[in-house]
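Both ligands and their constituent atoms are indexed starting at 1 by order of listing.
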Amino acid sequence: MATATTKAADYLPESIQIKEGLDHVRARPAMYIGDIYERGLHHLIYEVVDNSVDEAMAGHCSEIRVILSDDGSISILDNGRGIPVGLHPEVGKPTVEVCLTKLGAGGKFDKDSYKVSGGLHGVGVSCVNALSEWLEAEVYRDGKAYKITFERGVTKQELTTIGKSDERGTKITFLPDDTIFKQSIEFKYMIVHQRLKELAYLNAGLKIVLTDERGEEAKEEEFMFPEGIKDFVVELANRESDKLVLRKPIYLKGT
Ligand code: 0RA
């Protein structure tokens, strides 16, 4: 499909590979997100949130916000460094565009960075993009706000500066593609709640806020555990306090 923004870069081998990658995700979605039902639908969220958690584990992000919106879309915001916007040397496009379109480009390119990936995770935010009717990314860094938009993984509006900003971070908003998912594309509050709370327990001190703007009255919950896994053990103990053997959990830390 020719668009007004078609460029020479679109015909480079890198760009053709990107197109083939996204086509494969859409042809075989379950290979990437596990299934095309409720589990796979929610996997899209985890994929995006995991990138923000990585940024937190690298010590650059203290807060993640997840917002369920009335139109069925979801936004994931973090106060990390913001996905880089400069031109990617190999692809010749902004790095944020490469992260969101190239399979396996994921969040960071430095291999040493601490990643939460494992099992099905870490297939990358480009999979989420490919399986979304639309996706928008906003990056706040270097005193500016940038925005890029996609439809079913294909760049719709190239990266542009949308204004000045003193903020720092990344916001990703997407609407899952209902032609991919076999059942409802409605996110379930309790599924998201459970996952975000677990992530907060696993990342001591990280603040995760979940807001549900759908329906009559908005709902908001905040998860932040100063002592992380230790707080989790205390919560588990309190659930079955009658069977407690030890009052206080034994905590050991090392590498
Ligand atoms: C690549 C490099 C850098 C940050 C990120 C990716 C990054 C990715 C995501 C995805 C969601 N939130 C994110 N925040 C950051 C480091 C860039 C630098 O050195 O400034």
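Those atoms of ligand 1 that come under 4.0 Å of a heavy atom in P84, given as number and element, are 1 (C), 2 (C), 3 (C), 4 (C), 5 (C), 6 (C), 17 (C). Numbered from 1 in the order shown, with element, the atoms of ligand 1 that lie under 4.0 Å from a heavy atom of T170 read 12 (N), 13 (C), 14 (N).
Selection from D78, L100, I64 by nearest heavy atom to atom 11 (C) of ligand 1 gives D78. If you check each of E55, R168, R81, H60 against atom 16 (C) of ligand 1, the one with the closest non-hydrogen atom is R81.
With a 6.0 Å radius and a threshold of 12 heavy atoms from other residues, nucleotides or ligands, D71 has its CG atom above the threshold. By the 6.0 Å contact criterion, CG on L244 is enclosed, its count of non-hydrogen atoms from other residues, nucleotides or ligands being greater than 12.
Ring geometry for F225 versus Y201: interplanar angle under 30°, hence parallel rather than tilted (30 to 60°).
Between Y32 and H24, the gap from one ring centroid to the other is short of 6.0 Å.
Among the atoms of R141, some N or O lies under 3.5 angstrom from an N or O of ligand 1.
Remark: of the listed residues L135, T155, T101, T155 is the sole one forming a side-chain contact (heavy atoms from CB on, under 4.5 Å) with I148.
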